[in-house]
Amino acid sequence: MFSLLRNPIEQLDWAARCKALAAATQEPRLRAFYEAGCVAADTPLAEVPLLALDVETTGLDASRDAIVSLGLVPFNLQRIRCAEGRYWVVKPDTELSGESVTLHHITHSDIRQAPPLPAILDELLECMAGRVMVVHYRNIERQFLDQAARLHLGEGWQFPLIDTMQLEALLYPKRQPNWFDRLLGRKPVSIRLDDSRQRYHLPPYMAHHALTDALATAELLQAQVVTHHSLQTPVGQLWS
């Protein structure tokens with residue numbers, strides 16, 4: 001089966017990048033993370049160790065908002081290892097807003113006894129080392145974790161990831177209907193997580209829970225690969 005992506009994602013050499021970052025970093029924990037390495041860009045997707053990642057935050061601006069929960073689920077294209085999933089609620093550096101509480105249902109009482117993010121960073125780095133992250137909308141996970149590393153480790157944090165939202169965006173580049181489509185009652189194509197899952201006949205889950213969203217993202221990637229790619233598609237065609 002051939003990839004149906006209309007605009008191939010620029011291929012990156014994350015294996016070489018991790019080696020360079022390991023040599024350049026001054027932070028021992030980040031060095032250990034980079035030294036765990038990364039698969040080569042030509043590795044078939046079926047052989048890639050994947051980790052679905054979701055981060056819930058107090059807002060969308062990494063420079064002033066903060067992480068409140070994280071969910072991780074390891075998987076490959078044949079199996080999702082739910083029993084090995086991890087979930088943390090962490091105490092943010094900023095105040096919870098009513099809007100954020102309504103969105104992810106994490107309240108002030110939930111975070112009162114929660115650890116601060118630095119307390120779980122070592123475990124998070126260990127879980128993520130050597131794997132390719134899978135997220136839905138990479139700007140959140142990439143920017144917030146990079147900002148967290150800058151605040152608590154003194155350096156930025158880079159890692160390879162596959163963005164299931166980006167894969168859907170490439171499949172539907174013209175998501176807004178034209179005047180004729182609107183006349184026929186056609187609606188815009190949504191690439192949000194729940195809406196994307198519906199196109200693959202995946203079951204609905206409760207949204208904005210970090211662990212559940214990580215699981216939902218893992219299932220979505222499996223469906224995307226089966227439908228539009230193949231188990232032998234090189235990971236370098238999908239990651240960023």
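Side-chain contact check for Ser240 versus Gln166: some heavy-atom pair is nearer than 4.5 Å. A 4.5 Å side-chain heavy-atom check between Val135 and Ile162 finds every atom pair outside the cut-off. Proximity of Leu45 to Leu231: side-chain heavy atoms (C-beta onward) are nowhere separated by under 4.5 Å. By the 4.5 Å heavy-atom criterion applied to side chains, Glu56 and Asp213 are counted as neighbours. Residues Leu53 and Val134 are not in side-chain contact: their nearest non-hydrogen atoms beyond the backbone lie 4.5 Å or more apart. You'll find the side chain of Leu145 reaches within 4.5 Å of the side chain of Ile67, heavy atoms only. Side chains of Ile120 and Val90 form a contact here, defined as non-hydrogen atoms less than 4.5 Å apart. With contacts defined as side-chain heavy-atom distances shorter than 4.5 Å, the pair Leu77/Leu50 qualifies.
Take Tyr87 and apply the ring pair (Phe, Tyr, Trp, His ring centres under 6.0 Å) test, not counting sequence neighbours, and it matches His209. Evaluation of the side-chain contact (heavy atoms from CB on, under 4.5 Å) rule for Pro204 yields no partner, not counting sequence neighbours.
Between the CD1 atom in Ile106 and the OG atom in Ser69 there is a gap of 3.5 Å [rounded to 0.5 Å]. For the atom pair CG (Leu220) and CD (Gln198), the distance works out to 11.5 Å, reported to the nearest 0.5 Å. For the atom pair OG1 (Thr164) and CG (Leu221), the distance works out to 7.0 Å, reported to the nearest 0.5 Å. Rounded to the nearest 0.5 angstrom, Leu167 CG and Met165 CE are separated by 11.0 Å. Taken from NE2 in His152 to CG in Leu121, the straight-line distance is 6.5 Å, to the nearest 0.5 Å. Note that the NE2 atom of His208 and the CG atom of Leu193 stand 9.0 Å from one another [nearest 0.5 Å].
Although no hydrogens or angles enter the test, the distance criterion places a donor-acceptor pair under 3.5 Å between the side chain of Lys91 and the main chain of Arg112. Of the possible polar contacts, none joining the Asp195 side chain to the Ser190 backbone as a donor-acceptor pair under 3.5 Å is found. At distances below 3.5 Å, not a single donor-acceptor pair connects side-chain atoms of Thr233 with backbone N or O atoms of His229. Judged by distance alone, with hydrogens and angles left aside, the side-chain atoms of Asp65 form a donor-acceptor pair with the main-chain N or O of Asp61 at under 3.5 Å. Side-chain atoms of His136 never come within 3.5 Å of backbone atoms of Thr217 as a donor-acceptor pair (strictly under, hydrogens ignored).
Counting non-hydrogen atoms of other residues, nucleotides and ligands closer than 6.0 Å to CZ of Arg81 gives a total above 12. Other residues, nucleotides and ligands contribute more than 12 heavy atoms inside 6.0 Å of the CG atom of Leu151. Around atom CD of Gln113, no more than 12 heavy atoms belonging to other residues, nucleotides or ligands sit under 6.0 Å away.
The pair Arg197-Asp194 fails the salt-bridge criterion, with no side-chain N (NZ, NE, NH1 or NH2) lying under 4.0 Å from an Asp/Glu carboxylate O.
For Pro49 against Val39, the heavy-atom pair with the smallest separation is CD-CG1, 3.9 Å. For the residue pair Gln224 and Glu168, the shortest heavy atom distance occurs at NE2-OE2, 3.0 Å. Contact detail for Leu51 and Cys127: the closest heavy-atom pair is CD2-O, 3.6 Å. The two atoms that bring Ile111 and Pro92 nearest to each other are CD1-CD, 3.7 Å, heavy atoms only. Scanning all heavy atoms of the two residues, the minimum distance from Pro74 to Arg131 falls at CB-NH1, 4.0 Å. The minimum heavy-atom distance linking Val132 with Cys38 is given by the pair CG2-SG, 4.5 Å.
In summary, of the residues considered (Tyr34, Phe33, Phe144), a ring-ring contact (aromatic ring centres under 6.0 Å, His included) with Trp157 occurs for Phe33 alone.
Remark: the Tyr200 side chain and the Gln222 side chain contain no N/O donor-acceptor pair separated by less than 3.5 Å.
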Side chain to side chain contact (heavy atoms under 4.5 Å, CB included) between Met133 and Glu141: does it pass, once the steps are laid out? CA-CA 10 Å; Met133 305 305 113; Glu141 281 74 20; over 6 Å; no
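Residue pairs satisfying the side chain to side chain donor-acceptor pair (under 3.5 Å) criterion with at least one member in residues 12-30, sequence neighbours excluded, are listed as follows: Thr25-Glu155, Glu27-Arg29, Arg29-Asp122.
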